[in-house]
2 protein chains.
Amino acid sequence: MNAPTFRSWQSVQDEVLRRIHAREWSPGELIPNEADLAVEFGCARSTVNRALRSLAENGLLDRKRKAGTRVAAQPVAKATLDIAVLRHEVEEHGGKYGYQLIARDVVVPPLSVSGAMKTMADEKLLHVRALHLADDEAYAIEDRWINTRIVPAVSAETFQSVSANEWLMKHAPYTHGEIAFSAVQASVDDAEIMGVAENSALFAIDRLTWDSEVSVTKVKLLFSPGYQLRTGL
Amino acid sequence: MNAPTFRSWQSVQDEVLRRIHAREWSPGELIPNEADLAVEFGCARSTVNRALRSLAENGLLDRKRKAGTRVAAQPVAKATLDIAVLRHEVEEHGGKYGYQLIARDVVVPPLSVSGAMKTMADEKLLHVRALHLADDEAYAIEDRWINTRIVPAVSAETFQSVSANEWLMKHAPYTHGEIAFSAVQASVDDAEIMGVAENSALFAIDRLTWDSEVSVTKVKLLFSPGYQLRTGL
DNA sequence: AATGCTTTTATGTATGCACATAAAATTTTG
DNA sequence: CAAAATTTTATGTGCATACATAAAAGCATT
């Protein structure tokens with residue numbers, strides 16, 4: 001038999017995907033090594049490597065040195081979410097973006113906040129609360145703590161017209177962070193600001209970002225009822 | 001000056017990250033081309049390419065042919081979520097996993113379901129409802145519709161002891177899918193099954209998977225109050 | 001049988017080179 | 001002068017080769 005040749009790493013990837021999908025290689029099964037596949041596909045090993053590495057990054061293959069490559073037993077679906085600046089998120093959906101500052105103080109945060117941010121218990125942080133709107137309707141409440149020691153320039157910013165959400169993206173770099181999604185009931189306060197029933201179910205995003213070993217900012221975003229965060233698989 | 005040489009693509013990536021982070025290259029700014037960087041770093045262009053490509057995949061750089069590479073103006077945070085089989089999710093947290101089938105019927109689905117799945121309005125689908133438990137407490141309610149035409153083997157499966165969540169992972173491949181996260185209020189029904197207050201805020205995951213152009217399954221997972229989906233940035 | 005050493009082997013990566021391709025920049029043309 | 005054709009250029013990719021490295025497998029020693 002004279003197998004067709006696969007000249008691009010994309011076509012190699014497609015063929016591998018097809019075999020996984022067609023169960024020619026079933027979950028958990030060891031697949032031929034790169035060198036053999038290269039011969040079979042009529043291309044260089046590096047081309048095969050490129051294709052398989054990409055699939056491994058997407059969680060469809062498990063690779064280990066010497067142990068070889070096997071089809072992921074349970075393809076942990078990896079959903080990649082793009083967390084954009086709220087203004088862009090609204091505008092991309094064709095909505096009119098609005099912003100309103102609710103409060104801005106420099107205060108000693110509750111222990112839960114200083115604990116998570118690993119700041120001194122008595123150290124003051126900048127606390128900003130704001131409302132983001134889409135087409136003049138409440139879109140999300142932003143409740144944020146900012147480490148002024150790390151981002152000193154923040155002291156000069158009033159956040160009257162530019163949201164902390166957007167300002168920090170531009171002015172406060174971070175090395176890594178954690179993000180959590182959950183559902184919470186609207187507090188009396190939140191419900192009033194958003195104009196929704198108390199105890200409404202709100203989608204919440206909690207984010208905590210770090211610059212090396214120091215926390216930069218901790219934010220909770222509460223989205224209006226009906227909000228959905230979606231992506232492809 | 002005699003710059004140190006960067007021999008691995010990782011070290012090149014680290015150096016590029018450092019420059020972005022230190023604002024030596026600021027957001028939106030065009031950075032030197034691959035060839036020049038290769039000379040500066042004392043490595044091959046392909047090594048630089050590997051490093052920059054990886055950073056671009058992570059959303060930190062924007063690259064365009066001929067136009068060059070620039071630092072992302074607003075680094076859209078890309079959060080990658082691992083959506084695992086519920087049993088594994090529970091067991092990984094050290095919990096005891098439990099499972100209980102609530103209902104299993106072959107019925108004509110509501111129009112909203114047949115519409116989303118693009119099946120005939122009068123075509124019967126397999127409907128499965130089940131409860132997943134962690135340490136004998138309600139963990140999540142699974143409400144699933146399965147296209148029996150695409151997954152005929154499903155007819156022989158009772159789902160008495162194996163959840164559809166897990167069974168499908170093994171037996172029903174898919175090419176792509178959509179996933180959405182939201183917050184919903186517990187219905188009377190849900191609240192009773194979970195043993196929580198009516199209108200509790202529940203975290204919801206809606207997933208719809210396809211095999212080429214045909215829908216495989218549509219599922220809604222409702223998680224107990226307090227559930228958080230978390231990941232790093 | 002448990003332990004440590006050595007070999008084998010599949011993946012991981014670096015390099016130099018070539019050519020492909022998209023898009024900006026420039027020149028030619030109407 | 002504007003539109004179309006052409007050139008230039010930075011990224012994208014493929015290939016052959018070489019060496020690095022992790023980890024499994026085999027071997028030997030206790």
Side-chain angles (χ1 to χ4, degrees), chain A residues 3-17 19-20 24-73 75-76 78, chain B residues 3-20 24-73 75-76:
Chain A
T5 57
F6 297 90
R7 315 205 142 277
S8 76
W9 71 268
Q10 294 272 5
S11 67
V12 169
Q13 187 176 52
D14 288 348
E15 172 62 10
V16 171
L17 271 174
R19 292 187 185 183
I20 293 174
E24 287 177 29
W25 295 335
S26 28
E29 189 182 330
L30 203 64
I31 76 174
N33 69 42
E34 292 186 349
D36 290 351
L37 285 176
V39 171
E40 184 189 339
F41 291 152
C43 66
R45 181 169 80 91
S46 46
T47 305
V48 174
N49 180 279
R50 180 84 163 80
L52 298 188
R53 173 165 33 91
S54 167
L55 288 171
E57 277 167 8
N58 288 325
L60 273 107
L61 294 177
D62 284 333
R63 321 194 73 193
K64 258 201 305 202
R65 272 185 163 128
K66 156 73 189 174
T69 302
R70 52 186 69 235
V71 179
V76 176
K78 295 208 173 178
Chain B
T5 57
F6 297 90
R7 314 205 144 277
S8 76
W9 71 268
Q10 294 272 4
S11 68
V12 169
Q13 185 176 47
D14 288 348
E15 173 61 11
V16 170
L17 270 174
R18 191 193 63 71
R19 292 187 185 183
I20 293 174
E24 286 178 30
W25 295 335
S26 28
E29 189 182 330
L30 203 65
I31 76 173
N33 69 42
E34 293 186 350
D36 290 351
L37 285 176
V39 172
E40 184 189 339
F41 291 151
C43 66
R45 181 170 79 91
S46 39
T47 305
V48 174
N49 180 279
R50 179 82 163 82
L52 298 189
R53 173 165 34 90
S54 166
L55 288 170
E57 278 167 7
N58 288 324
L60 274 109
L61 294 176
D62 283 333
R63 320 194 74 195
K64 257 203 306 205
R65 275 189 164 124
K66 157 73 190 174
T69 302
R70 50 186 70 234
V71 180
V76 177

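Note that these values count all heavy atoms, side chains included, but never hydrogens, waters or copies made by symmetry. So you know, we letter chains A, B, ... as the sequences are listed, proteins then strands, and number each from 1.
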>> For A:Pro32 and B:Arg45, find the nucleotide of DNA chain C closest to each by heavy atoms; which residue's nucleotide sits nearer the 5' end?
In response: A:Pro32
> Between the base of C:dT15 and the side chain of B:Arg7, is there a donor-acceptor distance below 3.5 Å?
Replying inline: no
> In whole Å, what is the span from the NZ atom of B:Lys66 to the P atom of D:dT9?
Replying inline: 7 Å
> If you draw a 6.0 Å radius around CZ in B:Arg7, do more than 12 non-hydrogen atoms from other residues or ligands fall strictly inside?
Replying inline: no
> Could you give the CG-to-P distance, from B:Leu37 to C:dT15, as a whole number of Å?
Replying inline: 14 Å
> In whole angstroms, how far is the P atom of C:dT15 from the CZ atom of B:Phe6?
Replying inline: 13 Å
>> So if I take every side-chain heavy atom of B:Thr47 and compare against C:dA14, D:dT13, C:dG12, which nucleotide ends up nearest?
In response: C:dA14
> D:dA10 P sits how many Å from B:Ile31 CD1, rounded?
Replying inline: 13 Å
>> Please report the distance, rounded to the nearest Å, between CZ in B:Arg53 and P in D:dG14.
In response: 10 Å
> For DNA chain D, whose closest nucleotide is more 5', that of A:Ser8 or that of B:Ala67?
Replying inline: B:Ala67
> Is B:Arg53 salt-bridged to A:Glu57, going by a charged N under 4.0 Å from an acidic O?
Replying inline: no
> From the list C:dG16, D:dG14, C:dA20, which nucleotide is the closest neighbour of the side chain of B:Arg65?
Replying inline: C:dA20
>> Considering every strand and a 4.0 Å limit on heavy-atom distances, what is the contact class for B:Arg50: base, sugar-phosphate, or nothing?
In response: sugar-phosphate
> Nearest-Å distance, CH2 (B:Trp9) to C1' (C:dG16)?
Replying inline: 21 Å
> Among the nucleotides C:dT11, D:dT13, D:dA23, which one has an atom lying closest to any side-chain atom of A:Asn33?
Replying inline: C:dT11
> Taking only side-chain nitrogens and oxygens of A:Thr69, does any of them come within less than 4.0 Å of OP1 or OP2 of C:dT11?
Replying inline: yes
> Which listed nucleotide (D:dT8, D:dT13, C:dT15) is nearest to the side chain of B:Ser46?
Replying inline: C:dT15
> Within the side chain of B:Ser8, is there an N or O that forms a donor-acceptor pair under 3.5 Å with the backbone of B:Ser11?
Replying inline: yes
> Rounded to the nearest Å, what distance is computed from the CG atom of residue A:Leu30 to the P atom of nucleotide C:dA10?
Replying inline: 9 Å
> Once you round it to whole Å, what is the distance between P of C:dA23 and CZ of B:Arg63?
Replying inline: 14 Å
> Where do B:Val12 and B:Ala51 come nearest, in terms of heavy atoms and distance?
Replying inline: CG1-CB, 3.6 Å
> Name the one of B:Val71, B:Leu52, B:Leu17 that satisfies side-chain contact (heavy atoms from CB on, under 4.5 Å) with B:Leu60?
Replying inline: B:Leu17
> B:Lys64 side chain N/O closer than 4.0 Å to the phosphate oxygens (OP1, OP2) of D:dA10?
Replying inline: no
